[in-house]
Amino acid sequence: MQLSIVRRSTAVLVVGALLLAACSAAAPTRAPTAAPPAVTPAPVVTPAPVVTPAPVVTPAPPAITNSKDFWIGFTSVGLSSAPFLAAIADLNANHGYDIKTPILAQSELVAEGVAQGQFAFGSGANNAVLAAIEQGANIKVVVDRVANEWTLYAPTEVTECAGLAGLRLALHSDGAVSTAMVRNYINVNCAGTTPQEIFIEGSPNRVAALLADQIDASPLELGDSITIDNEAGDRYHLLSSFSADLPDLKTTSIYVNGDWAALNPQSVTDVVRAVIQQFRLVSADAAYLRTVAEEQVPDAINPDTIDQAAARYVDLGMFDVNGGVTEEGLNYTADFFGPEGTGTVDKVFALEEWADLSFLNTVLDELGRQ
């Protein structure tokens, strides 16, 4: 589902006045037979003085310090989004919040929506966050959504990077974090190799395209890679595991509009707390993760592989019980997307320029670190 925002404008109807000129034939001239009667002038009425009312001053609305009604933008929801969506559902059901969760087609659009204040929070790629900040956006990463779960699948006969040359390589979008990792993989391992890039939004949709032989290779989320292993393992195989090769890379986070966070610190803390609580519930309970996924993202899971997928996410610790974001990891990520890495941005951003760990630290001080 993609959010569409319809702007309504008021049409102004201009009605022209029609002037009708009536022409009469001239009457014959006659001499008057009697003097016309005297005309008594109408009395002069002095109008009452106009009283100008004092201007009405509308008081400025009070500053909102604890808003509970806002939007969180998502893109391509799947198993990795389920705990965050469960946290939002808990806030709505039990803590007086009214949070909407529109789904957009691209990570770049989510970051743009957060930058413009349309969304209080975003859930998506960190390279899109850094690119928006470079353009002047006030956005801050506050907690992980999921650890690096990405894989790259290709035909079984392709055993090295250079084999991607000329293949139909499906990517999510030009600015997606999976796209950045695939291009970096090619630049590092087989520079000059040129696959045929096409864009198909959503890892589950790219799985369907692989199964239908409409594409040759694609980055996939962890849960979707299991579907390929089970249903098409004779045709496709794992060419690269970015989760294994780049374990310190923070690919996908939950981030907030910095101006909104300054006005609503309690709401930010509540969101981070709810996320950590869900991460701790799923960290050692694959059955709970399956239940959450079935409730929150039923259209994005494969019922034949959900048990395997949930177990894999739990075994690999994809949902960090302490929130996942650390100074070391964020600094590594800033370097990776900087000018000496993927070149997504032209500088290496300092931690305080794109992250605010104060909310997470407050929650961990309250709940305890594990």
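Counted by atom type alone, Glu231 and Tyr236 present zero donor-acceptor pairs between their side chains at under 3.5 Å. The closest side-chain donor-acceptor pair between Asp144 and Thr252, if any, does not fall under 3.5 angstrom. Defined by atom type and a distance below 3.5 Å, a donor-acceptor pair is present between the side-chain atoms of Ser253 and Asn126. With 3.5 Å as the limit, one finds a donor-acceptor pair spanning the side chains of Ser80 and Glu149. In this model, no donor atom of one side chain and acceptor atom of the other lie less than 3.5 Å apart for Thr342 and Asn184. With 3.5 Å as the limit, one finds a donor-acceptor pair spanning the side chains of Gln266 and Asp270.
You'll find the side chain of Leu171 stays beyond 4.5 Å of the side chain of Ser218, heavy atoms only. Contact check for Leu210 versus Arg235: no side-chain heavy atoms found under the 4.5 Å cut-off. Considering only heavy atoms from C-beta on, Phe84 stays 4.5 Å or farther from Gln278 through its side chain. Ile186 is listed as a side-chain neighbour of Pro195, based on a closest heavy-atom distance under 4.5 Å. At least one side-chain heavy atom of Ile276 sits under 4.5 Å from a side-chain heavy atom of Leu360. Looking only at side-chain heavy atoms (C-beta outward), Val314 and Leu289 come within less than 4.5 Å of each other. You'll find the side chain of Leu169 reaches within 4.5 Å of the side chain of Val182, heavy atoms only.
A side-chain donor-acceptor contact under 3.5 Å links Ser241 to the backbone of Ala244. In this structure, the side chain of Glu353 engages the main chain of Ala350 through a donor-acceptor pair within 3.5 Å. A donor-acceptor contact shorter than 3.5 Å is absent between the side chain of Asn264 and the backbone of Ser267. Using a distance-only test at 3.5 Å, with no hydrogens or angles considered, no donor-acceptor pair links the side chain of Asp248 to the main chain of Gly329. When atom types are taken as modelled, the side chain of Ser173 and the backbone of Gln106 share no donor-acceptor pair closer than 3.5 angstrom. Of the possible polar contacts, none joining the Asn257 side chain to the Ile139 backbone as a donor-acceptor pair under 3.5 Å is found. One N or O on the side chain of Thr362 and one on the backbone of Ser358 form a donor-acceptor pair closer than 3.5 Å.
With respect to the salt-bridge test (charged N to carboxylate O, under 4.0 angstrom), the residues Arg183 and Asp174 qualify. Ion pairing of Asp98 with Lys68 is absent here, as no side-chain N (NZ or NE/NH1/NH2) approaches a carboxylate O to less than 4.0 Å. The existence of a salt bridge linking Arg145 and Asp320 is excluded, since no basic side-chain nitrogen approaches an acidic carboxylate oxygen closer than 4.0 Å. Salt bridge absent: Arg206 and Glu201 never bring a charged side-chain N and a carboxylate O closer than 4.0 Å.
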Check the pair Thr156, Asp234 against side-chain hydrogen bond (donor to acceptor under 3.5 Å, both in side chains), reporting the backbone distance first and the verdict last.
CA-CA 7 Å; Thr156 52; Asp234 57 331; over 6 Å; no

What verdict does the side-chain hydrogen bond (donor to acceptor under 3.5 Å, both in side chains) test give for Tyr153 and Asp229, after you've listed the backbone C-alpha separation in whole Å, the side-chain angles of each residue and the deciding distance to 0.1 Å?
CA-CA 10 Å; Tyr153 272 69; Asp229 289 339; 2.8 Å; yes

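Contact between Glu221 and Ser203 at its shortest, heavy atoms only, is N-OG, 3.0 Å. The heavy-atom pair separating Thr251 from Ala147 by the smallest distance is OG1-O, 4.2 Å.
Neither Leu79 nor Val321 shares a network with the other; the hydrophobic side chains, linked directly or stepwise wherever heavy atoms of I, L, V, M, F, W or Y lie under 4.5 Å apart, form separate groups for each.
Seen from the ring of Phe349, Lys347 counts as a face-on cation partner, given the 6.0 Å and 45° thresholds.
Annotation: the span from Leu167 atom CG to Asp216 atom CG amounts to 5.0 Å, rounded to 0.5 Å. Annotation: the span from Ile99 atom CD1 to Ile72 atom CD1 amounts to 4.5 Å, rounded to 0.5 Å. Taking CD of Glu112 as the reference point, atom CD of Gln135 lies at 10.5 Å (rounded to 0.5 Å). In this structure, the separation between OG1 on Thr344 and CG on Asn127 is 5.0 Å, given to the nearest 0.5 Å.
Using cut-offs of 30° and 60° for the angle between ring planes, the Phe121 and Phe70 rings count as tilted. Using a 30° and 60° split on the angle between ring planes, Phe242 and Tyr185 fall in the perpendicular class, above 60°. Aromatic ring pairs are classed by plane angle as parallel below 30°, tilted from 30° to 60° and perpendicular above 60°; the pair Phe319 and Tyr313 is parallel.
Within a 6.0 Å sphere centred on CD of Glu366, heavy atoms belonging to other residues, nucleotides or ligands number more than 12. Counting heavy atoms of neighbouring residues, nucleotides and ligands inside a 6.0 Å radius, atom CZ of Arg312 does not exceed 12 of them.
For Tyr255 and Trp354, the gap between ring centers reaches or exceeds 6.0 Å.
Partner of Thr305 under the side-chain contact (heavy atoms from CB on, under 4.5 Å) criterion, chosen from Ile226, Asp224, Ile228: Ile226.
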